[in-house]
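Numbered from 1 within each chain, the chains take letters A, B, ... in sequence-line order.
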2 protein chains.
Amino acid sequence: MSATRRRAPGGRDESRPHEPGTPATPVIPEATVARLPVYLRALTALADAGTTTCSSEELATAAGVNSAKLRKDLSYLGSYGTRGVGYDVEYLRYQIAREIGVTQDWPVVIVGIGNLGHALANFSGFRSRGFRIVALLDAAPERQQEEVAGLRVRGFDEVDALVAEHQVAIGVIATPAAAAQAVCDRLVTAGVTSILNFAPTVLAVPEGVDVRKVDLSIELQILAYHEQRKAHAAPIPGEGLDRVEESA
Amino acid sequence: MSATRRRAPGGRDESRPHEPGTPATPVIPEATVARLPVYLRALTALADAGTTTCSSEELATAAGVNSAKLRKDLSYLGSYGTRGVGYDVEYLRYQIAREIGVTQDWPVVIVGIGNLGHALANFSGFRSRGFRIVALLDAAPERQQEEVAGLRVRGFDEVDALVAEHQVAIGVIATPAAAAQAVCDRLVTAGVTSILNFAPTVLAVPEGVDVRKVDLSIELQILAYHEQRKAHAAPIPGEGLDRVEESA
DNA sequence: ACGAGTTTGTTCTCCAGTTCACAAACTCCT
DNA sequence: AGGAGTTTGTGAACTGGAGAACAAACTCGT
Ligand SMILES: NC(=O)c1ccc[n+]([C@@H]2O[C@H](COP(=O)([O-])OP(=O)(O)OC[C@H]3O[C@@H](n4cnc5c(N)ncnc54)[C@H](O)[C@@H]3O)[C@@H](O)[C@H]2O)c1
Ligand SMILES: NC(=O)c1ccc[n+]([C@@H]2O[C@H](COP(=O)([O-])OP(=O)(O)OC[C@H]3O[C@@H](n4cnc5c(N)ncnc54)[C@H](O)[C@@H]3O)[C@@H](O)[C@H]2O)c1
């Protein structure tokens, strides 16, 4: 792999201008950042299938996006393709993984080992995607007897020690909504600066802390809205040609 | 509640122009549709706390958005506020629920009753948000002995009968990625027209079918990207003032 | 009844992101 | 070596959404 490594000569090379004062990194649009993991997944699937090279068209199809968008997204990372040929699957996969920051594992803590917390803790897929679950925390004493996925559930008061010990930057909240803000505050105090929130609440965090939310009810309600619209627009159940946007 | 019902006189009333040929409904931007459930949640919380009236400012704070954006979003539904006063919480809550289509419950099937499927089936919150789980399906025979959350797990071959019987429009896929496309195809054939996909694959569906995906690994990877950026931009662990956008 | 104060609904401006379209760059065949 | 064919990378037009700002519309106190 990596036949063309990064042709240093030629035109401009804007990889790391590091003049003192400028932020060095060329800034990637947020919409692109959100798609890079999808490309990474598609490339991994292609690599597993034995494909060594692919065109932007093929990769775009696999990722479920427009090929022009894909090319523009990749152009923010650099020129990793070869005109007339396409992209080296393994090389591009590595470059994206490096850009995202998942070439080595990130330690993660999960708080709230109930229904959802158990499922997350038992999920093996995180490991291969750049994450390692290092601690499971729960406030309920009866939970703390349990061992889930090879880890003993710890009391939430151990959060500071565990976060410090494993240098945890990313925390997952899977507690009831009522507890989420308090848990969030404690995590931030302990040193966590990125939070994935499953509880249906808006979390307030200090600047410098990232929050992303996953709310299944919201997703279902968005589907319900469009579903209602379909039913309303096409009263005849025979054939109703209404526009519906893909969103996979 | 509902002090001002919908003042029919006055200016223009663009609620239902139903001229034959025009699509009747005034079209709500997709970005707004995605936020309506958040407003609904915030209003429910306010109502539970005993609040009867709120301003756009208060509601915006509760929902974690800009108040101008909130007002513009609500304006797509109609004029449900009163200038100088604000919004009637209960009334607005109902109007949004009606717009989304969750004034009555939507029947839902879940396919793949593994780690995640169990958690979803046991989650009680769907009911109060407009959804009723009517069937749990799994291909593995040993799963079909089980009873989860009061429902016996059914074989996937019963999908057609169950979807037809309960008039199911929404399906949830919680199977491994390898099975997801096949499961999706079968669901669509059975009559499902909206799919929530937890498997890390892009699903291909015919026009008229909506797909939304939830991918935890992608969410974590987006956090990892920003986390890496923070670490890179601020090498001194003391105090690094870098911009980070909220996203709750 | 009227003016001061409040808050909505909407218009206008601006920006990020998407899509098109094509020159540049590469391969392969003759 | 040169030309035909392929595919990338990107400039430019276009689209949708975000935010500021303000007039219209309401309440309340006098
Ligand atoms: N289960 C699902 O499929 C699902 C779906 C959508 C949303 N959610 C949301 O995910 C969250 C968890 O759902 P669940 O079904 O796992 O709930 P659960 O009640 O089964 O589990 C919650 C766990 O959090 C623990 N907890 C409570 N307060 C805590 C605190 N202050 N500190 C630490 N731990 C604490 C509890 O002891 C319990 O073990 C909820 O907010 C729920 O709304 C869950
Ligand atoms: N568990 C998590 O927290 C988590 C997190 C992120 C993503 N996911 C994704 O969610 C999906 C489910 O995860 P999981 O941990 O529950 O997996 P799991 O292996 O525990 O469960 C999968 C279930 O699907 C059933 N199944 C397999 N093929 C089927 C088919 N053709 N028809 C019907 N049922 C079939 C299996 O019998 C099994 O019960 C996976 O795609 C996974 O990548 C899970």
In whole angstrom, give the distance that lies between atom [atom1] of [X] and atom [atom2] of [N].
X	N	atom1	atom2	value
A:Asp88	C:dT27	CG	P	13 Å
A:Glu57	C:dT19	CD	P	13 Å
A:Leu70	C:dT19	CG	C1'	14 Å
A:Leu59	D:dT7	CG	P	14 Å
B:Glu58	C:dT7	CD	C1'	11 Å
A:Arg35	C:dT18	CZ	C1'	8 Å
B:Tyr76	D:dA18	OH	C1'	10 Å
A:Leu92	D:dT7	CG	P	16 Å

Please list each protein N or O that sits under 3.5 Å from an N or O in nucleotides 21-24 of chain D, with the distance.
unit_1	atom_1	unit_2	atom_2	d
D:dA24	N3	B:Arg83	NH1	2.8

Would you check if [X] and [Y] make a side-chain contact, meaning some heavy-atom pair closer than 4.5 Å?
X	Y	value
B:Leu220	A:Arg129	no
A:Phe126	B:Leu216	yes
A:Leu40	A:Arg93	yes
B:Val65	B:Val38	no
A:Ile28	A:Glu99	yes

Distance test, side-chain N/O of B:Lys69 to OP1/OP2 of D:dG19, below 4.0 Å: yes

Looking at B:Tyr87, I'd like to know whether one of its side-chain N or O atoms comes within less than 4.0 Å of OP1 or OP2 on C:dG9. yes

Derivation and outcome, side-chain hydrogen bond (donor to acceptor under 3.5 Å, both in side chains), residues B:Arg98 and B:Tyr94: CA-CA 6 Å; B:Arg98 191 177 51 78; B:Tyr94 174 76; 4.8 Å; no

DNA chain D contacts among residues 49-56 of chain A, heavy-atom distance under 4.0 Å: A:Ser55, A:Ser56

Taking all non-hydrogen atoms of both residues into account, name the closest pair between A:Lys230 and B:Ser194 and its distance. NZ-OG, 3.6 Å

Compare every heavy atom of A:Phe123 with every heavy atom of B:Ser217, then report the nearest pair and how far apart it is. OG-CE2, 4.3 Å

With the side chain of B:Val85 defined as its heavy atoms from C-beta on, choose the nearest nucleotide among D:dT27, C:dT19, D:dG9. D:dT27

By the definition side chain to side chain contact (heavy atoms under 4.5 Å, CB included), identify the one residue from B:Leu196, B:Ile170, B:Leu120, B:Val192 that meets it with B:Val108. B:Ile170

Measure distances between side-chain N and O atoms of A:Lys72 and base N and O atoms of C:dT19, and say whether any donor-acceptor pair falls under 3.5 Å. yes

